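Presented below is the structure to which this report refers.
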Amino acid sequence: MNRSKRALLIVGSPKQERSTSYALLSYLEKYLNKHGIETETSFVLKLLHESDGIDRIIASINNSDFVILAAPLYVDLLPAPVILMMEKIAGKRTSTSEHQPMFIAIINSGFPEAHQNRLAIEFCKMFAKKVGFLWGGGLPFGGGAAINGESLEQAGSRARFARPAMELLAKSLADGMGVPDKAVELISKPIIPKFLYARVANRSWVSQAKEYGMHKQLDARPYLE
Amino acid sequence: MLELKALLLDGFDDRTHETESVEDLIMSSLESNGWTLEVVRLRDLKIAYCQGCFKCWVKTPGVCVIDDAGREVTRKIVQSDLVIYFTPVTFGGYSSTLKKALDRSISLIHPFFEKTHGEYHHKRRYPKTFHFIGLGVLSERDNEQAQMFSHLIERNALNLRTEKYALSIIYPGQELEEIKGNFDNALLKVGVIR
């Protein structure tokens, strides 16, 4: 009897359970499970703090058919802890390692344009190549910061493209294929017009600063000489 | 006379004869053009990971809430005229050691979005911006990684709102003289050498 397929879901956000990355993977997980794919979730920050964290993630990788990383865009690439995890994995695997799971990257950012996540996806593709993962594709989610740590269900219209994209991804993986073009197309759609996104975001910074009484100090230049 | 300051952020995990030789030649090129250079070896500093809290934008604007060397590195970046990111090219990008410091430096930009070059980016916090050079070391001849690194420098320059930036790649087996020649071309591009 063939065993069920398994997916390792890696949350690459330092915000862990309160992140958009986790929200995406949690939603995806439900649909993977519905398609009979078993799942395991790992958090990058937690595994880096464990003395045997990398060995355990390698063991999980060896036990998985799919490795799915969700991470936010930091300075045009992935957060440093995710890069460190990748460096450590690259210390233990090569391009010709025996077990080669499919690797998928879901990158979300605060910029409204999905294409700003493209380079981070290319970075993930290069990582996959170096460590002997089959590249399954990437999903660039612009404006993902609007999810703000809520579940995709709670996020309502802010996740109206992300939800079906994750559903399509789950189905495609269950069929043994990688990221479908339709999922990329959906998740790349702006949630609202970009100029409006920028306006809403800027107002949000002001209201967040008001909570600290700092809304008139946003332009501070503490390191000006 | 106005002092022109360069800052080199060393993102290597180990100090080697090669990295020292490169840092020496960079020092020599800059000093001969009247610049001062400070080298910061990031591996020797205690820099926590960015928590993604955005408090450097809304609670303590311009300053990270984590009180460690990450703050000092950001201050040095802001107060430099030229910043050199010296890193092993890692999957086409920066090492985690360099990236940790860069993640923590987003307090140097302002939270507000504005449109530039047809895209939305954060606006500048400071009136003066620094020029920067991405100096990447490839461990193997890999044009794809070199191209990705070049693209990364370009995207970073757009986000930093910096006008002058350049790329210099060090290939395996390259002689120091060739490395110096390529780096001097980068200095020419950013206006250090006129």
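Being a predicted model, the structure only gives us computed values, none of them experimental. Order of the sequence lines sets the chain letters (A, B, ...), proteins ahead of strands, with each chain counted from 1.
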Original post:
What part of A/Met85 lies closer than 4.5 angstrom to a heavy atom of chain B: side chain, backbone, both or neither?
Top reply: neither
Subject >> chain B contact via A/Tyr197 - which portion, at a heavy-atom distance below 4.5 Å >> reply: side chain
Original post:
Which residue out of A/Pro222, A/Ala198, A/Ser19 racks up the most heavy-atom pairs below 4.5 Å with chain B?
Top reply: A/Pro222
Original post:
Can you find a side-chain donor-acceptor pair between A/Ser151 and A/Gln154 that sits under 3.5 Å?
Top reply: yes
Subject >> Neighbourhood of chain A inside residues 74-99 of chain B, taking heavy atoms under 4.5 Å as contact >> reply: B/Thr74, B/Arg75, B/Val78, B/Gln79, B/Thr90, B/Phe91, B/Gly92, B/Gly93, B/Tyr94, B/Ser95, B/Ser96, B/Lys99
**OP:** For chain A, find its close neighbours in residues 120-129 of chain B: heavy-atom separation under 4.5 Å, sorted by number, or none.
**Re:** B/Tyr120, B/His121, B/His122, B/Arg125, B/Tyr126, B/Pro127
Original post:
Is chain A contacted by the side chain of B/Asn156, its backbone, both, or neither, given a heavy-atom distance below 4.5 Å?
Top reply: both
**OP:** With chain B as the partner chain, list the residues of residues 108-119 of chain A whose heavy atoms fall under 4.5 Å from it, by residue number, and write 'none' if nothing qualifies.
**Re:** A/Gly110, A/Phe111, A/Pro112, A/Glu113, A/His115, A/Gln116, A/Leu119
Subject >> Which of A/Leu224, A/Ile83, A/Asn202 touches chain B most, by non-hydrogen pairs under 4.5 Å >> reply: A/Asn202
Anything under 3.5 Å between a donor and an acceptor, one on a side chain of residues 124-132 of chain A, the other on a protein residue two or more places apart or in another chain? List them.
from: A/Lys129; atom 1: NZ; to: B/Glu144; atom 2: OE1; distance (Å): 3.2
from: A/Lys130; atom 1: NZ; to: B/Glu140; atom 2: OE2; distance (Å): 2.9
from: A/Lys130; atom 1: NZ; to: B/Asp142; atom 2: OD2; distance (Å): 3.4

Subject >> Under 4.5 Å from a heavy atom of chain A, the part of B/Lys115 involved >> reply: neither
Original post:
In terms of heavy-atom proximity below 4.5 Å to chain A, should B/Glu114 be classed as side chain, backbone, both, or neither?
Top reply: neither
Original post:
Looking at A/Pro79, A/Ser204, A/Pro14, A/Ala220, which has the largest count of heavy-atom pairs under 4.5 Å with chain B?
Top reply: A/Ala220
